[in-house]
Amino acid sequence: MADASGTEAPKSLKTSDVYKTLTDLPERFNDPSVLKGYEKKPLHPVYQTTSSTYGGTAPSVHTMPNQFHGRGNKFTAHLAAAGNYEYHGLNTALDKEPV
């Protein structure tokens, strides 16, 4: 895709370009450039931790998973059909009166 100056925009490197991946790998794992929220924010030195340094690093093709095995929704479908649990026992708590 060309920009306003007529130059071609650089293509982002995909995980499948570097590593052997499954054919049905979701796009969020195959293209790390679609993940947002990794822009650098100034951190106060007192509150900076190694976890915030690690978590603030944008993912690359080398840190993205090359496999994805999604789970089915069998449990959730059964739970939705059965409904939520309702307690039918004796309520012995005192009623709270408004003050």
Side-chain angles (χ1 to χ4, degrees):
M1 181 177 192
D3 60 6
S5 63
T7 60
E8 196 69 23
K11 262 183 91 175
S12 63
L13 191 62
K14 295 186 180 255
T15 306
S16 58
D17 297 339
V18 179
Y19 296 103
K20 181 180 175 183
T21 61
L22 297 176
T23 56
D24 56 347
L25 188 67
E27 188 63 24
R28 67 181 182 268
F29 293 141
N30 197 24
D31 188 4
S33 66
V34 299
L35 299 174
K36 303 296 181 215
Y38 291 98
E39 57 274 347
K40 292 290 181 184
K41 297 176 188 171
L43 296 174
H44 192 280
V46 173
Y47 303 111
Q48 186 170 359
T49 63
T50 55
S51 294
S52 63
T53 305
Y54 176 75
T57 306
S60 70
V61 294
H62 306 292
T63 58
M64 298 295 285
N66 58 5
Q67 297 182 42
F68 177 75
H69 304 284
R71 302 290 303 211
N73 65 346
K74 182 179 176 183
F75 175 77
T76 307
H78 169 71
L79 189 63
N84 288 336
Y85 174 75
E86 186 176 340
Y87 179 69
H88 295 288
L90 181 63
N91 181 8
T92 60
L94 296 175
D95 290 339
K96 295 181 181 176
E97 295 183 24
V99 176

Could you list the donor-acceptor pairs under 3.5 angstrom formed by side chains in residues 71-97, with sequence neighbours left out?
unit_1, atom_1, unit_2, atom_2, d
N91, OD1, A93, N, 3.1

Sequence neighbours excluded, which residues qualify as side chain to side chain donor-acceptor pair (under 3.5 Å) partners of D31?
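For D31 the side chain to side chain donor-acceptor pair (under 3.5 Å) partners, ignoring immediate neighbours, are S12, S33.
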With sequence neighbours excluded, residues passing side chain to side chain donor-acceptor pair (under 3.5 Å) with S16:
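Checked S16 against side chain to side chain donor-acceptor pair (under 3.5 Å); matches are N30.
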Below 3.5 Å, can you tabulate the donor-acceptor pairs from side chains in residues 44-52 to any protein atom, sequence neighbours excluded?
unit_1, atom_1, unit_2, atom_2, d
H44, ND1, V46, N, 3.1
T49, OG1, S51, N, 3.4
T49, OG1, S52, N, 3.0
T49, OG1, S52, OG, 3.4
S52, OG, T49, N, 3.1
S52, OG, T49, O, 2.8

side-chain contact (heavy atoms from CB on, under 4.5 Å) involving T23 - partner list, sequence neighbours excluded
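With neighbours one apart ignored, the set is empty.
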Please list every donor-acceptor pair under 3.5 Å in which a side-chain atom of residues 57-68 meets a protein atom from a residue at least two apart or in another chain.
unit_1, atom_1, unit_2, atom_2, d
T57, OG1, T53, O, 3.0
S60, OG, H62, N, 3.3
H62, ND1, Y19, OH, 2.8
T63, OG1, S60, N, 3.0
T63, OG1, S60, O, 3.1
Q67, OE1, H69, NE2, 3.0

